[in-house]
Structures are given as C-alpha cells and as structure tokens.
> 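First the structure, which I've put down as structure tokens, then a few questions once you've had a look.
In what follows, chains carry the letters A, B, and so on, assigned in the order in which the sequence lines appear, proteins first and then strands, with residues in each chain numbered from 1.
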Protein chains: 2
Amino acid sequence: MPLTTIPNELPAVHTDVVIFTVQEARLDVLLTQRRHQPFAGHWSLPGGFVRIEESLEQAARRVLAEQTGTRQLYLEQLYTFGAPRRDLRARIISVAYFALASADKVGNTSHDNAWVAWHPAFDPPLLAFDHGEIVAYAIERLRYKLEYTAAAFQLLPEQFTLRELQNAYEVILRESLDKRNFRRKILSTQILEATDDYRYGDHRPARLYRFSHEAKFEGQARRLFP
Amino acid sequence: MPLTTIPNELPAVHTDVVIFTVQEARLDVLLTQRRHQPFAGHWSLPGGFVRIEESLEQAARRVLAEQTGTRQLYLEQLYTFGAPRRDLRARIISVAYFALASADKVGNTSHDNAWVAWHPAFDPPLLAFDHGEIVAYAIERLRYKLEYTAAAFQLLPEQFTLRELQNAYEVILRESLDKRNFRRKILSTQILEATDDYRYGDHRPARLYRFSHEAKFEGQARRLFP
DNA sequence: ACAAAAGTGTTTACTATACACCCATGG
DNA sequence: CCATGGGTGTATAGTAAACACTTTTGT
C-alpha cells in the first residue's frame with residue numbers, strides 16, 4: 001500500500017442514511033425530495049458528501065442533523081454501495097447508514113421543511129439512483145436485527161407499552177405474534193424495565209416500560225448452529 | 001445531493017481483504033509484508049486502491065488475484081473503515097472485504113512470493129495501520145457466520161471429511177463439539193452430499209463429502225427472537 | 001491382535017408453541 | 001353495565017444436549 005500509488009482520479013465518497021420509524025402500524029422511512037436534475041422531483045435518501053476531516057459516522061450524523069433535525073438516535077453502518085455507474089454524472093461511492101428513530105423525535109420535519117417526509121418503507125415511491133436497492137437492503141437488515149436482538153424499542157418513544165413494542169415487531173416482520181409468548185419472551189431477556197407510569201386511553205391503562213441501559217442483551221442469543 | 005457540492009478535497013478509496021483458511025487445526029489469515037514506510041517490515045492485509053472504473057468487489061478480487069494468485073473464493077463485504085487518521089499520510093477510506101479459501105488454493109503463495117504468508121489469525125503479528133482492528137472484526141464476523149450458517153466448508157478443499165469440517169468449527173468457535181450431534185445437525189441441513197470417495201490414512205478411511213450446490217441453506221435458520 | 005479414528009441411536013432436559021379466560025377502565 | 005384492550009398460566013410438541021459402543025483399517 002505505497003502512498004505513491006494513489007490514483008489520479010478519485011471517486012467521491014458520499015453517505016446516505018436510511019432512517020426508520022414505526023407509527024400508526026406502519027414502518028416508515030424518511031425521504032427528501034430532490035430539487036435538481038437528475039431525478040428532480042424524485043424522492044431520495046438524506047445524504048451528503050463525507051468531508052475530508054470527518055469520520056464516516058460523523059458525516060452520517062451531520063447529514064441527519066442538517067437535513068432532518070435529528071440527533072442521538074441509533075445508527076450503524078449498513079453497507080457501502082460502489083457500482084461505477086450508480087450515479088451517471090460521476091463516480092460516487094456511498095457508505096450507507098441505518099438509523100432507528102422514534103416517530104416523536106422526527107415527527108415534525110415535514111412541517112418545517114416540505115422537502116422531507118415519511119413514506120411507507122414497504123411501498124416507497126420510486127427512488128432516485130440506487131436508493132430503492134439501499135432501502136430494500138436496510139429493510140432486510142432491520143428484519144434480521146429484530147429476529148436476533150430486541151432492537152425494536154429504538155423505534156419507539158422513551159417509554160412505551162408492550163403492545164406498542166409488539167406492534168412494531170408485527171409491522172416489521174409482517175406476521176402476528178402471540179401476545180402471551182411475546183410478553184414472556186421479551187421480559188425474560190431483561191432488557192426492559194417496568195416504570196410506574198401507565199398509558200391512559202379508552203380502556204384499561206397499559207403499563208409503560210423503558211429500555212434498561214444496564215442490561216446487556218448481546219450474547220444472550222442462543223446460537224442456531226452447530 | 002447536487003453534484004455541485006462535490007468537495008474539492010477527496011479521500012482516496014482503498015480496499016483491504018481479510019482472507020481466512022484453516023490448516024493444521026489453526027485459523028490462519030493471509031498477510032503481506034510491507035516494504036516501505038510507514039510500517040516498513042510490518043505485516044498488513046493485502047489491499048489496493050479502487051480504480052475509477054471498477055466496482056468495489058471487482059477491486060477486491062483484482063487485489064486478491066494480483067497479490068495472492070487466488071480466484072473464485074467466497075468473498076463478501078465486511079465493513080468500511082474511515083477514521084480520518086487511520087493512515088497518517090492522507091485520508092484513505094478502506095472498504096474491507098472478507099474471504100474464505102481452502103488452504104490448497106492459496107497454500108503456495110509464500111513460496112512464490114516471500115512477501116505473502118499465512119499467520120495465526122487469533123495471534124497475528126503486530127499489524128500496520130488499523131489492520132489489527134480489521135482482522136479482529138473479521139474474526140467476529142466469521143464466528144457469527146458459522147453460528148447461523150454452515151459456511152465453514154468454504155475453508156476446506158472441494159471434498160472433505162466430516163471430521164475436517166468439525167475441526168474447522170472447533171478451531172474457529174474455540175470449543176469442542178460432540179461428534180454425533182455435529183454430524184446429525186450438519187447432515188440434516190442437506191447442504192452436503194456424500195461422494196463415493198474416501199480419505200485414506202492410518203486408520204479406517206473416512207467418507208468424503210462435498211458442498212451441494214442445489215441446496216439452499218439460507219432461510220433454514222430458525223429465528224432466535226421473538 | 002491391537003491401536004486409532006470412523007461411524008452410529010437413544011434418553012433426557014429444555015425451549016417454543018398453542019391456547020382461553022379474568023381484569024381494569026372509559027363511555 | 002358493557003365494550004375494549006390489558007394482563008396472566010399451563011399443557012404439549014419439538015429441538016438440543018448428553019452420552020458409549022461397534023466397525024474398519026493400517027501396522
């Protein structure tokens with residue numbers, strides 16, 4: 001890896017962020033509408049170029065803060081997309097990130113800025129560039145993630161009912177789950193702690209839970225093989 | 001993502017490949033010795049800059065072919081490392097790849113080229129740049145991979161005995177497995193097919209198996225949660 | 001004949017799944 | 001007092017884990 005071999009022509013490095021939330025029994029993804037060609041008017045992922053002095057994750061967090069006003073959400077690197085012709089104007093490599101947010105943290109961006117809005121993740125509008133592929137891959141990652149960790153609480157507000165958490169799972173996994181088994185299983189992991197508060201509605205109030213920061217979930221997962 | 005905002009200063013995009021094999025009851029990683037400063041004499045991962053017209057995976061495969069003479073091995077993207085100071089001379093972002101090879105495919109590289117050799121993956125020499133971190137992350141990925149898929153045969157020759165496969169699992173997971181349970185479990189997945197050949201040695205010959213290309217293993221994994 | 005590795009089944013413990021009723025509240 | 005969602009336990013089935021002996025070959 002001698003430095004002398006740095007190529008003359010360099011690709012640009014971009015980051016795009018797939019932000020999910022769950023609201024009203026739907027998995028949503030946050031999109032921005034493009035103002036310029038190509039794909040003017042099309043929806044696309046929030047993104048921006050990585051600056052020369054910032055890390056990849058810093059770039060993703062900066063983009064999120066600038067374009068959607070969100071901070072302090074769950075963020076992990078998703079995949080790096082680098083097909084030579086994914087952007088026809090120039091060679092642009094995109095380090096995609098994957099974010100989970102509670103709807104209340106980002107819920108008002110479409111009021112502040114008409115160019116940013118939530119869209120149904122399973123049925124998004126036609127997206128610019130290869131962003132459709134990126135969203136599809138992010139959904140796949142999200143579903144895997146829920147199947148071997150208890151990450152769904154990242155999509156909910158600070159406090160939530162077990163029914164809200166179960167709804168998030170059902171919406172993302174697209175199947176209905178047994179209420180008793182779900183509650184037993186999620187409580188047995190000890191990643192949640194009960195609060196003294198209740199959510200009041202039309203019927204019997206539901207106890208609110210929160211994520212327990214002490215508890216470590218990683219490693220509790222039993223292996224599948226061999 | 002208007003094109004006009006492409007920054008003046010661009011990072012260089014590199015790829016580094018972590019190639020694993022199992023031989024003589026040891027997990028090995030393929031390293032190249034650096035000839036130039038910085039880290040002259042240190043070992044490092046095979047790598048190279050991504051060319052402007054090639055995809056990321058093409059770049060990784062090219063690097064593998066050029067530096068290690070290997071083709072047609074299992075390759076997947078691992079992670080993109082982009083800390084601003086990971087290379088002190090310039091901003092270099094590395095898209096790391098993860099490869100599995102049978103020792104016989106790559107076994108003679110250290111003869112052809114004194115600058116390339118296998119090293120113990122769990123106890124590698126001091127590595128240049130952040131390559132120690134990259135190897136550690138690749139090991140983690142490898143172990144997860146073996147725990148929920150049956151990928152270990154990618155580390156073995158075309159045909160192999162069940163004992164050799166079990167050894168690969170034991171070496172990577174660092175625990176001993178029950179022979180009967182292992183055989184039952186791996187055969188029940190139907191990813192292997194028995195051949196009519198045997199491996200002859202000092203004792204009773206062992207039947208040789210091969211990976212069954214028809215069989216799809218993905219999706220057979222039972223979920224852990226919820 | 002014996003040393004060494006290959007190969008094979010069964011029993012037991014545990015985990016996942018299926019399933020139905022009572023409880024608390026608002027209207 | 002009734003409609004609605006919240007909250008709880010048990011029995012059964014299926015999967016994982018523990019465990020020991022026979023077979024085959026080379027020396």
Side-chain angles (χ1 to χ4, degrees), chain A residues 22 24-25 146-150 153 156-157 159-171 173 175-210 217 219-226, chain B residues 24-25 146-150 153 156-157 159-171 173-210 217 219-226:
Chain A
V22 170
E24 288 158 29
L146 293 208
E147 282 177 7
Y148 62 83
T149 75
F153 61 84
L156 300 175
Q159 298 195 3
F160 48 86
T161 68
L162 291 182
R163 180 30 107 173
E164 288 162 357
L165 187 63
Q166 184 178 340
N167 280 341
Y169 273 91
E170 291 182 338
V171 161
L173 300 178
E175 65 184 282
S176 58
L177 302 170
D178 182 90
K179 180 168 54 159
R180 281 164 295 188
N181 293 339
F182 178 82
R183 296 164 85 92
R184 185 184 320 115
K185 193 146 185 176
I186 197 108
L187 292 175
S188 74
T189 65
Q190 309 211 298
I191 54 161
L192 301 185
E193 57 188 35
T195 70
D196 293 333
D197 299 331
Y198 291 82
R199 168 102 62 229
Y200 297 91
D202 286 348
H203 302 292
R204 176 174 172 177
R207 183 177 287 274
L208 289 166
Y209 290 80
R210 76 163 73 88
F217 183 69
Q220 290 196 24
R222 227 184 58 246
R223 81 163 58 136
L224 293 168
F225 196 84
Chain B
E24 289 158 28
L146 293 208
E147 283 177 7
Y148 63 83
T149 76
F153 62 85
L156 299 176
Q159 297 194 4
F160 48 86
T161 69
L162 291 181
R163 178 34 101 176
E164 289 161 358
L165 187 63
Q166 185 178 338
N167 280 342
Y169 274 92
E170 291 183 338
V171 161
L173 301 178
R174 303 189 111 166
E175 67 184 279
S176 58
L177 302 170
D178 181 89
K179 180 167 53 156
R180 283 165 291 188
N181 292 338
F182 179 81
R183 296 165 84 91
R184 185 185 319 114
K185 191 144 184 176
I186 197 111
L187 292 175
S188 74
T189 65
Q190 310 211 300
I191 55 160
L192 300 186
E193 56 188 35
T195 71
D196 293 333
D197 300 331
Y198 291 83
R199 168 107 57 232
Y200 297 93
D202 287 347
H203 303 290
R204 176 173 174 176
R207 183 178 285 276
L208 290 165
Y209 290 79
R210 76 162 73 88
F217 182 70
Q220 289 196 25
R222 231 187 52 247
R223 82 162 56 138
L224 294 167
F225 195 88

> Are any protein N/O atoms closer than 3.5 Å to N/O atoms in nucleotides 8-10 of chain D? If there are, list each pair with its distance.
{"from": "D:dG9", "atom 1": "O6", "to": "A:R184", "atom 2": "NH2", "distance (Å)": "3.0"}
{"from": "D:dT10", "atom 1": "O4", "to": "A:R184", "atom 2": "NH2", "distance (Å)": "2.9"}

> Rounding to 10°, can you tell me the angle the first-five-pair axis of the helix from C:dA1-D:dT27 to C:dG27-D:dC1 makes with its last-five-pair axis?
0°
> Atom CZ of B:R199 to atom P of C:dG7: distance rounded to whole Å?
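Atom CZ in B:R199 sits about 12 Å away from atom P in C:dG7.
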> Whole Å only: how far is the CD atom of A:E175 from the P atom of C:dA16?
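These atoms are roughly 15 Å apart.
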> How many angstroms lie between atom CZ of B:F182 and atom CD of B:E170, to the nearest 0.5 angstrom?
8.0 Å
> Could you measure the distance from the OH atom of A:Y169 to the CD atom of A:E147? Nearest 0.5 Å is fine.
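The CD atom of A:E147 is 10.0 Å from OH of A:Y169, to the nearest 0.5 Å.
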> How many angstroms lie between CG in B:L208 and CG in B:L156, if you round to the nearest 0.5 Å?
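One gets 11.0 Å once the value is rounded to the nearest 0.5 Å.
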> What's the OH-C1' distance between A:Y198 and D:dG7, to the nearest Å?
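Going from OH in A:Y198 over to C1' in D:dG7 covers 11 Å.
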> Can you tell me the distance, in whole Å, between the CD atom of A:Q166 and the P atom of D:dG6?
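Interatomic distance, CD of A:Q166 to P of D:dG6: 9 Å.
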> Give the rounded distance in Å between these two atoms: CD of A:E170 and P of D:dG5.
14 Å
> How many angstroms lie between CG in B:D178 and NZ in B:K185, if you round to the nearest 0.5 Å?
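Here the interatomic distance stands at 11.5 Å.
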> Find the distance A:N167:CG to D:dG5:P and express it as a whole number of Å.
11 Å
> If you take all heavy atoms of B:Y198 and B:P205, which pair is closest and at what distance?
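Between these two residues, the closest heavy atoms are CB-CB, 3.9 Å.
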> Quick one: are B:R199 and B:R163 in side-chain contact, heavy atoms under 4.5 Å?
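The answer is no; the side chains never approach within 4.5 Å.
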> Can you name the atoms? Protein N/O to nucleotides 24-27 of chain D N/O, anything below 3.5 Å, with the distance.
{"from": "D:dG26", "atom 1": "O4'", "to": "B:D202", "atom 2": "O", "distance (Å)": "2.6"}

> Please round to the nearest 0.5 Å and tell me the distance separating atom CG of B:L165 and atom CD1 of B:I186.
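So the CG of B:L165 and the CD1 of B:I186 are separated by 4.5 Å.
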> Can you tell me how far the CZ atom of B:F160 sits from the CG atom of B:N167, to the nearest 0.5 Å?
12.5 Å
> In the structure I gave you, are the side-chain heavy atoms of A:F153 and A:I191 within less than 4.5 Å of one another anywhere?
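They are in contact (side-chain heavy atoms under 4.5 Å apart), so the answer is yes.
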> Tell me which one of B:T161, B:L177, B:V171 satisfies side-chain contact (heavy atoms from CB on, under 4.5 Å) with B:Q166.
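The single option meeting the side-chain contact (heavy atoms from CB on, under 4.5 Å) with B:Q166 is B:L177.
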> What is the distance from NZ of B:K185 to C1' of C:dT8, rounded to the nearest Å?
19 Å
> In whole angstrom, what separates B:R163's CZ from C:dA4's P?
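B:R163 atom CZ is separated from C:dA4 atom P by 15 Å.
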> Under 3.5 Å, is there a donor-acceptor pair between the side chain of A:R207 and the main chain of A:T195?
yes
